[in-house]
Every structure is written in structure tokens, then in C-alpha cells.
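Scroll down for the structure; my scribbles are underneath it.
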2 protein chains.
Amino acid sequence: MYYKESHTLILNNIERFIDLTKLEKQKYLSLLTEIKVKKKAFLMQANDVTKYEYFITKGCLKVYTLDEDGAQHISMFAVEGYWTGDMASFMTKEPTRYFIKATEHSELLGISRTNYHLLFQEIPKFEKFYRILYQRSLISYIQRSNHGMSLTAEERYIEFKKKYPKIVNRITQKDLAGYIGITPEFMSKIISKVNRM
Amino acid sequence: MYYKESHTLILNNIERFIDLTKLEKQKYLSLLTEIKVKKKAFLMQANDVTKYEYFITKGCLKVYTLDEDGAQHISMFAVEGYWTGDMASFMTKEPTRYFIKATEHSELLGISRTNYHLLFQEIPKFEKFYRILYQRSLISYIQRSNHGMSLTAEERYIEFKKKYPKIVNRITQKDLAGYIGITPEFMSKIISKVNRM
DNA sequence: GAAAAAAAATGAACTAGTTTAAGACTTTTA
DNA sequence: TAAAAGTCTTAAACTAGTTCATTTTTTTTC
């Protein structure tokens with residue numbers, strides 16, 4: 001039995017934490033929707049009520065909010081193998097404050113709210129999968145929220161490069177600045193300084 | 001059937017997300033350990049391998065890391081009704097980088113690593129409980145990590161007061177500075193400025 | 001309840017990061 | 001493939017936040 005590449009990718013991701021029978025895999029895959037997003041297109045915009053949670057099988061997207069001055073505060077870059085979306089809006093049906101924009105042509109698998117809840121009824125061990133997935137994300141966000149408030153911008157940049165060496169080369173300096181939490185001008189200074197060292 | 005106050009508190013917390021039978025409640029409570037921590041005593045110190053995850057039934061604790069200069073970077077204040085610990089160390093058995101210190105005489109219920117895993121075998125619906133608990137924590141940490149890098153210290157202070165009005169009065173200004181991510185001196189200036197407004 | 005220790009306030013000199021502006025370089029689009 | 005739009009660099013003037021030092025106030029301890 002062969003799966004297409006995107007399906008292999010998502011099943012491998014899930015089988016890090018739980019085992020699935022062939023039948024369960026089929027059932028699971030049947031609950032997903034394939035989505036393509038062209039470069040510069042939006043997967044989500046502020047005030048949307050988001051209907052899906054997403055798994056990226058190809059490409060790169062940035063998740064961000066806009067402040068009054070129009071500056072982008074980027075909360076994550078999502079590439080192949082990452083999960084993304086706005087969980088708050090997904091769960092509560094409240095409109096989102098986030099934008100999700102493809103920075104490359106991207107392909108995703110989405111699970112709708114209905115199917116997300118159905119999934120737990122049909123294959124209860126997905127509770128375990130999500131329990132562990134959220135637990136791990138939580139660990140890294142706790143760290144990020146601390147570092148954001150205690151490290152200098154230069155230290156955060158060096159850490160980002162170490163933690164996500166593959167992502168650095170796929171995004172613009174401007175977007176990286178939006179993630180690190182500084183202006184593009186200061187990002188430019190930091191990079192030239194760090195490269196000189 | 002009556003439960004003691006601390007047991008009522010933790011059961012109510014759990015029953016926000018799942019229903020439990022009397023038997024399940026008894027089973028669950030039997031897996032917990034009661035812990036008391038005197039003011040200024042440590043529940044956890046860097047390099048410990050943490051054996052428990054905690055639920056606070058009384059008191060207040062601060063969770064923090066120390067930097068090279070000895071400054072405390074506080075990641076949370078845990079009061080009655082909150083869950084705390086170091087999930088990374090709890091899960092992986094790696095030594096923690098965190099300190100958890102009681103800022104008031106505190107009482108907690110702890111679940112050991114063994115019992116945590118046993119719990120999922122004995123009462124599988126706890127997977128759901130933790131799935132939702134982690135999901136909600138994740139939502140608020142994502143927000144905090146963004147705000148930490150995009151709001152000014154004054155904005156973060158105002159937001160903290162709005163979000164945790166009861167906690168503000170229980171902690172020192174110095175500790176609040178460690179949470180906001182600034183020096184105690186600048187915290188003092190912000191507070192006097194905001195009060196003047 | 002006096003002495004000691006810790007927290008809070010204030011101010012002056014400093015540094016990390018912002019703003020504004022302008023020119024060079026790169027990518028996108030027609 | 002030329003023009004337009006966006007990105008990157010540099011620099012000068014500025015502001016948010018730090019550091020260090022001192023005094024006052026509050027809390028802890030014996």
C-alpha cells in the first residue's frame with residue numbers, strides 16, 4: 001500500500017507519538033482537505049473565523065499580527081512538517097487577529113473543526129497525539145516567551161540561526177526582523193555585525 | 001460523599017473539560033501526593049530532575065531562571081488553581097534550568113511521572129483533559145511570546161494588571177519586573193508614571 | 001520592638017534599539 | 001527587458017530601558 005508524499009509526511013509526523021492501523025490511517029486521511037496557496041496569497045486574514053488547522057507538506061508561510069503602525073509581528077514561520085493555524089479562533093469560533101501568508105508556493109493538509117472533533121470520537125488515541133503535540137509546543141513557547149523578554153535582539157538572532165538553520169535562508173531579513181521583534185534597519189546592523197565577528 | 005477543600009479544587013479544575021465518575025475521582029485522587037512549601041523554600045532548583053507536576057491549592061510560587069548576572073527571569077506566578085512544574089524535565093528526565101520558590105506558604109498536589117503515565121492507562125479520558133489544558137496554555141503563551149517582543153514594558157505592565165488583578169497585589173515590584181522583563185528600577189518608574197495618569 | 005535585611009524610589013550617565021531619510025541593490029511584473 | 005516595487009544598507013538624531021550609586025521605606029528576624 002502506497003501513500004502519496006504529503007500523506008506519508010503527515011502520517012510519519014503522527015506516528016512519532018501513536019501507532020495507527022492501516023484502517024485508522026485511511027480513516028484519518030479521509031478527514032483531511034488538500035489546500036494549495038500561491039506565493040503571497042493569504043491562508044487566513046484578521047477577522048476571519050478560521051475553519052481549519054493546518055499541516056504544511058510543502059512551502060513556507062508566515063503567521064503574524066499587524067499593529068496600528070502597520071508593522072508585522074511574526075509569531076512563526078511554518079515550513080514542511082509544521083502544524084499551524086490559529087487555535088484560539090479554531091476552538092472558540094471567534095474572529096482571528098492573525099494573518100497567514102505564503103512566502104513560497106505552499107501545499108497543506110487541513111482538518112476542519114467538525115472533523116477535528118469527529119476524529120477524537122472515531123479514533124480516541126488522537127487525544128494522546130494532540131496531548132503530546134501541544135505539550136511539546138508549549139515547552140518551546142514557554143522558552144520563547146522568556147527569551148523574548150530577557151535576551152538582547154542580537155542573542156535572539158544567534159539563537160534563531162542555531163535553532164532553525166534551514167529557515168534563515170528561506171525568509172527575508174525584514175520578516176526575520178518581524179519575528180525577532182525589531183526594525184528591519186536594526187536587523188541589518190545586527191547581521192552585518194555578527195557576520196564581521 | 002465529601003472531599004477536602006484541596007480535592008474539591010482540583011476536581012473542579014478537571015471537570016471543566018471531562019466528566020468523572022465517583023470511582024474515577026477516587027482513583028485519581030489516590031495518585032496524588034500532598035506537598036507543603038514554606039515561604040522562601042524551593043519546590044525545585046536548577047539541575048534537579050523534577051519528579052512531579054504540580055497543582056496549587058493554596059499560596060503563591062514564582063517560576064524562574066537565573067542568568068549569568070544573577071537576574072531572575074520569571075516565567076510565571078502560580079497561585080491557587082494553577083498548574084505548574086517543568087514539563088520538559090518532567091517528560092525527558094533531563095535536569096531542569098528552573099527554580100520554583102514559594103513567595104507565600106503554599107500547598108500543592110503533585111502527580112509523579114509514574115502516576116502521570118499510569119493515569120492515562122487507568123482513565124484514558126485524562127488524555128482529553130491534558131489535551132485541552134495544554135491547548136489553552138499554548139494559546140496564552142503564544143500571545144505572551146508575541147507581546148514580549150512587540151509591546152513596550154509599560155504596555156506589558158498595564159496588560160498584566162488587567163489580566164491578573166489579584167496577583168499584582170500579592171507579589172513584590174521586583175518580582176513583577178522579573179516577569180515583565182525589565183529592571184526593578186525601571187519598573188518603579190513605570191508604576192509611578194502609570195499611577196500618576 | 002530594635003536591628004538587620006530586603007524592597008522601593010530617585011537621579012545622572014549610559015547603551016540598545018527606533019525613527020527618518022536617502023541611495024544602492026534585487027526581485028517582480030508588464 | 002525596462003520600469004516599478006520592494007528589500008537592504010548606512011548614518012544621524014532620538015527614546016526606551018539599563019546601570020550604578022544613594023536614600024527612604026517596608027519587611028523580616030531574633
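Every value quoted in this text rests on a predicted model; they were computed, and no experiment measured them. In the text below, chain A, chain B and the rest are named by the order of the sequence lines, each starting its count at 1.
- Under the 30°/60° scheme for interplanar angles, the aromatic rings of B:Phe126 and B:Tyr28 are found to lie parallel.
- OP1 or OP2 of D:dT9 has at least one side-chain nitrogen or oxygen of A:Gln173 nearer than 4.0 Å.
- When the P atom of D:dT9 is taken as reference, atom CZ of A:Phe186 falls 14 Å away, rounded to whole Å.
- Nearer to the 5' terminus of DNA chain C, by closest-nucleotide assignment, is the contact made by B:Ile171 (compared with the other of B:Ile171 and A:Gly181).
- Look at CG on A:Leu151: it is 15 Å from C1' on C:dG17, rounded to the nearest Å.
- As judged by a 4.0 angstrom heavy-atom cut-off over every strand, B:Thr172 is placed among residues touching the sugar-phosphate backbone only.
- B:Thr152 comes within 4.0 angstrom of the backbone, heavy atoms only, and of no base.
- What separates CD1 of A:Ile191 from P of D:dT10 is a distance of 12 Å, to the nearest Å.
- Note on ring orientation: taking the six-membered ring where Trp is involved, the planes of A:Phe120 and A:Tyr116 are perpendicular (angle over 60°, cut-offs 30° and 60°).
- When ring centroids are compared, B:Tyr179 and B:Phe160 come within the 6.0 Å threshold.
- Under 4.0 angstrom from either OP1 or OP2 of D:dT28 there lies at least one side-chain N or O belonging to B:Lys39.
- Contact annotation: the side chain of A:Arg97 approaches that of B:Gln143 to within less than 4.5 Å [non-hydrogen atoms, C-beta and beyond].
- Here the side chain of B:Glu185 is nearest to one of D:dA21, D:dA11, C:dA8, namely D:dA21.
- What separates NZ of A:Lys174 from P of C:dT28 is a distance of 14 Å, to the nearest Å.
- Within the structure, a side-chain polar atom (N or O) of B:Lys40 is placed less than 4.0 Å from OP1 or OP2 of D:dT29.
- Straight-line distance from the CD1 atom of B:Ile158 to the P atom of D:dA16: 13 Å, rounded to whole Å.
- Following rounding to the nearest Å, B:Ile190 (CD1) and D:dA16 (P) show an atom-to-atom distance of 11 Å.
- Atom CG in B:Asp175 sits about 19 Å away from atom P in D:dT26, given to the nearest Å.
- Distances from the side chain of A:Ile182 to the nucleotides C:dG17, D:dT19, D:dT10 place C:dG17 closest.
- Ring geometry, A:Phe99 versus A:Tyr64: the interplanar angle falls under 30°, so the pair is classed parallel (tilted spans 30 to 60°).
- Spacing between atom NE2 of B:His73 and atom P of D:dT18 amounts to 10 Å, rounded to whole angstrom units.
- Taking 4.0 angstrom as the limit, A:Thr183 places a side-chain polar atom (N or O) nearer than this to OP1 or OP2 of C:dT18.
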